[in-house]
Protein chains: 2
Amino acid sequence: MPVSLKDVARKAGVSVATASRALADHPRISENTKARVRQAARELGYTPSAVARSLVKRETHTLGVITTSVTDPYAAQVVKAVEVAAEAAGYHLLLVASHGVPSREVKALRMLYERRVDGIVIISARGMDAYEDVLSHLTVPVVLVNGRVPHPAVRSVSANNRQGASLAVEYLLDAGYTRIAYIGGPTQGQSARHRVQGYVQALQAAGLVPSPDVIFPGQGTAEDGRRALRHMMSLRPKPEAVLCYNDLTAFGVLAEAWAMGVRVPDDLAVIGFDNLPFSELTAPPLTTVAQPTEEMGQTAVSLLLRQRRGEEVQDVVFDCTLVERASVRR
Amino acid sequence: MPVSLKDVARKAGVSVATASRALADHPRISENTKARVRQAARELGYTPSAVARSLVKRETHTLGVITTSVTDPYAAQVVKAVEVAAEAAGYHLLLVASHGVPSREVKALRMLYERRVDGIVIISARGMDAYEDVLSHLTVPVVLVNGRVPHPAVRSVSANNRQGASLAVEYLLDAGYTRIAYIGGPTQGQSARHRVQGYVQALQAAGLVPSPDVIFPGQGTAEDGRRALRHMMSLRPKPEAVLCYNDLTAFGVLAEAWAMGVRVPDDLAVIGFDNLPFSELTAPPLTTVAQPTEEMGQTAVSLLLRQRRGEEVQDVVFDCTLVERASVRR
DNA sequence: GCGGTTTGTGCAAACGATTGCACATTGATG
DNA sequence: CATCAATGTGCAATCGTTTGCACAAACCGC
């Protein structure tokens with residue numbers, strides 16, 4: 001059983017109130033008493049109970065994070081960013097995985113609320129629709145990273161996925177590629193919708209017509225990339241380049257290309273999205289669209305904390321940048 | 001402000017005690033009352049406060065997890081396993097990153113204790129020595145994954161790193177390689193020490209003498225792999241195969257090999273350790289030693305929970321297995 | 001119609017902190 | 001020496017639950 005303030009107070013021969021103030025370095029407590037209390041606390045190995053403190057202070061100094069899975073490297077990056085920003089502000093993270101299942105996202109939301117976290121960040125939410133009724137009773141700020149929900153109280157910070165995808169396509173166009181394929185992501189998420197839009201728009205802006213038979217479905221997994229590549233290689237004429245919904249899909253393309261003897265970028269240029277740490281380790285290193293995950297995480301935390309202080313805050317959108325590596329010929 | 005049980009009780013016209021029992025489905029509360037209370041709770045959007053409950057029940061249903069970083073893919077795998085095991089048992093995770101700094105590990109430990117988590121799992125601990133005094137006052141079970149600490153109250157679950165490394169070397173020997181290099185990991189951690197021992201022992205068991213000039217230092221990063229490969233290629237005779245402390249290092253070797261035009265496995269066989277999800281996506285796919293991370297995570301949680309119930313538990317060690325892929329010729 | 005069980009509810013004391021207020025000392029001031 | 005401010009400490013309420021115990025009403029068997 002942990003030692004409580006009462007134990008410390010008894011040992012120091014003072015009241016609980018005094019012990020509390022002594023440890024909090026209250027100015028009205030004599031140095032002498034403070035010393036005695038601190039001494040007692042040390043000897044007993046006293047560690048204050050954050051749960052008791054949270055109850056009275058009505059704040060837990062904890063942020064809830066809902067993510068699909070820790071093993072999703074993109075999510076991991078933003079979790080990390082959130083973690084350092086939170087840590088810097090004196091907050092810690094209660095992490096829960098939804099495994100992409102909408103019902104579990106809602107359950108997670110409720111559980112975090114029960115635990116009275118001071119703010120909630122949801123990364124890449126899927127089941128937005130079902131949120132309505134849960135959200136309506138929440139008294140805690142929520143921000144979505146790369147997602148949106150119609151609820152007025154929910155803020156979002158996201159990458160400009162449309163712009164990012166367009167950027168990639170323009171880059172390919174610039175490099176002389178014209179027959180450009182696309183491998184899509186989970187259609188429930190808005191990032192996937194925006195990316196395909198960006199792809200289509202950039203093509204149209206260049207006077208090209210996006211052909212449905214080079215737009216492949218996918219869920220953002222490596223396996224989707226492999227499968228799409230196999231289809232792609234059976235097409236006549238073959239695509240010269242492919243933009244992938246995310247890096248993971250691109251990794252699948254690269255892996256399957258190696259297995260099939262397709263040379264990248266000579267036979268096919270490949271471009272990813274997310275700039276995962278691994279993407280500079282592939283053979284060839286992957287050209288990809290980067291989101292400023294660092295800033296996004298920081299911003300998410302900052303929005304949460306500002307909302308908590310009663311400030312009115314706006315959604316924020318970050319532009320993407322292109323990271324040139326060797327999977328596209330220049 | 002969240003609505004409290006008092007609000008619900010008032011609305012239903014009963015005492016707080018009755019409201020509490022009604023929601024807990026206590027047998028001595030009439031169906032009628034239960035219905036009224038539930039109704040009131042629903043209408044007000046009542047969500048019980050886990051912090052208040054934790055205070056009286058003296059349990060938080062939360063497990064603390066200390067890891068180097070969420071972006072470390074190995075750690076992420078075991079965090080995930082811990083997460084699902086915890087979830088299944090009705091627990092959630094307070095995640096904190098130490099960034100490999102011993103002092104932060106200790107701080108994290110203290111913070112988790114303050115928050116009265118029901119158990120703590122530490123993944124790949126580094127600064128074991130400094131733990132002694134913190135640990136001595138802890139009244140919460142702690143288990144280390146892939147690490148050990150002399151403290152009697154701390155259990156550990158780990159992979160048999162020595163056996164794993166030996167397994168890899170024997171596999172290479174079997175395949176006809178004899179000049180086998182090794183790229184090491186962080187020497188503070190015990191996993192790195194055991195792996196190099198396994199490497200050395202397997203060589204000696206085959207009557208070979210491990211040569212210091214093919215044992216390269218490293219910290220388990222991709223950059224270490226790249227650097228080591230460059231050194232290696234300048235050696236005469238060159239090593240025919242290399243065992244890496246972990247997959248990340250192996251990825252670096254592979255990436256640099258691609259850049260230098262070194263063919264794997266024809267010019268050099270490469271073998272990793274950890275079997276990260278990405279290791280089947282490299283070119284060529286990486287042969288590697290796998291730890292049963294799933295079981296390890298589950299076991300960690302189970303040890304924690306059993307210790308909490310007062311059971312006496314033992315350390316557990318899992319054997320590693322070899323995952324054959326294409327970075328070693330057969 | 002009387003003891004005795006069953007059923008349903010509330011009072012009040014926890015859990016472990018924080019904090020407003022009252023009170024007792026001490027010291028300074030006129 | 002009376003007055004008042006400053007200093008140091010404790011009492012008790014509070015945060016939002018749970019739960020042991022007491023108690024009243026209803027029901028039972030005889």
Side-chain angles (χ1 to χ4, degrees), chain A residues 1-38 40-41 44-62 110-111 113-118 137 139-140, chain B residues 1-38 40-41 44-62 110-111 113-118 137 139-140:
Chain A
M1 215 75 328
V3 353
S4 77
L5 197 51
K6 184 148 51 165
D7 303 324
V8 175
R10 182 174 16 238
K11 174 148 189 166
V14 297
S15 73
V16 185
T18 302
S20 173
R21 288 193 255 253
L23 294 176
D25 204 24
H26 186 105
R28 295 278 280 275
I29 301 291
S30 74
E31 281 311 323
N32 188 318
T33 306
K34 283 185 189 171
R36 273 200 348 273
V37 172
R38 282 200 267 256
L44 293 174
Y46 170 70
T47 311
S49 161
V51 6
R53 179 178 296 157
S54 292
L55 186 58
V56 7
K57 299 273 205 137
R58 284 125 138 232
E59 56 179 6
T60 51
H61 274 260
T62 303
R110 186 167 291 129
M111 166 266 176
Y113 182 52
E114 269 195 13
R115 282 167 141 79
R116 296 294 189 267
V117 294
D118 296 336
H137 283 302
T139 59
V140 62
Chain B
M1 216 74 328
V3 354
S4 77
L5 196 51
K6 184 148 51 166
D7 303 324
V8 174
R10 180 171 21 232
K11 174 149 188 164
V14 296
S15 74
V16 186
T18 302
S20 173
R21 289 193 254 252
L23 294 175
D25 205 24
H26 187 104
R28 296 279 281 273
I29 301 292
S30 74
E31 282 309 323
N32 188 319
T33 306
K34 282 184 190 171
R36 273 196 353 269
V37 172
R38 281 199 267 256
L44 294 174
Y46 169 70
T47 311
S49 161
V51 5
R53 180 178 295 158
S54 291
L55 187 58
V56 8
K57 299 273 206 134
R58 283 125 137 231
E59 56 180 6
T60 52
H61 275 259
T62 303
R110 185 166 292 131
M111 165 266 178
Y113 182 53
E114 268 196 14
R115 281 167 141 80
R116 297 295 188 264
V117 294
D118 296 337
H137 283 302
T139 59
V140 62

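Lettering follows sequence order; numbering is per chain, from 1.
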### Query
Is there a donor in the side chain of A/S49 and an acceptor in the side chain of B/R115, or the other way round, less than 3.5 Å apart?
no
### Query
Strictly by modelled atom types, are B/Y113 and B/T139 linked by a side-chain donor-acceptor pair under 3.5 Å?
yes
### Message
Give me the atom names and distance for the closest heavy-atom approach of A/T47 to B/R110.
### Response
CG2-O, 4.4 Å
Nearest to the side chain of [X], heavy atoms from C-beta on, is which of [options]?
X: B/A17; options: D/dT17, C/dG10, C/dG16; answer: C/dG10
X: B/R53; options: D/dT9, D/dT17, D/dG16; answer: D/dT17
X: A/L55; options: D/dT18, C/dG10, D/dG16; answer: D/dG16

### Query
Which part of the nucleic acid, if any, lies within reach of B/V51 when heavy atoms closer than 4.0 Å are counted: base, sugar-phosphate only, or nothing?
nothing
### Task
Would you mind classifying the nucleic acid contact of A/P48 as base, sugar-phosphate or nothing, using non-hydrogen atoms under 4.0 angstrom?
sugar-phosphate
Tell me: [atom1] of [X] to [atom2] of [N], nearest whole Å?
X: B/I29; N: C/dT7; atom1: CD1; atom2: P; result: 13 Å
X: A/R115; N: D/dG16; atom1: CZ; atom2: C1'; result: 16 Å
X: A/K6; N: C/dA17; atom1: NZ; atom2: P; result: 10 Å
X: B/D7; N: D/dC15; atom1: CG; atom2: C1'; result: 13 Å
X: B/R21; N: D/dT18; atom1: CZ; atom2: C1'; result: 8 Å
X: A/E59; N: D/dC15; atom1: CD; atom2: C1'; result: 13 Å
X: A/L5; N: C/dT18; atom1: CG; atom2: P; result: 7 Å
X: A/N32; N: D/dT7; atom1: CG; atom2: P; result: 17 Å

### Query
Under 3.5 Å, side chain of A/K34 to main-chain N/O of A/H26, donor-acceptor pair present?
yes
### Query
For A/R116, does its backbone N or O pair with a side-chain atom of A/T60 as donor and acceptor, under 3.5 Å?
yes
Would you say a side-chain N or O of [X] is under 4.0 Å from OP1 or OP2 of [N]?
X: A/T18; N: D/dG10; answer: yes
X: B/S4; N: D/dC15; answer: no
X: B/S20; N: D/dT17; answer: no
X: A/S15; N: D/dG10; answer: yes

### Task
Could you tell me whether the side chain of B/R58 has a donor or acceptor atom within less than 3.5 Å of a complementary atom in the base of C/dG16?
no
### Message
Assuming nearest nucleotide by heavy-atom distance, tell me which of A/R28 and A/A24 is located more 5' along DNA chain C.
### Response
A/A24
### Message
Closest-nucleotide mapping onto DNA chain C: is B/T33 or B/V56 further toward the 5' terminus? I mean the 5' end.
### Response
B/T33
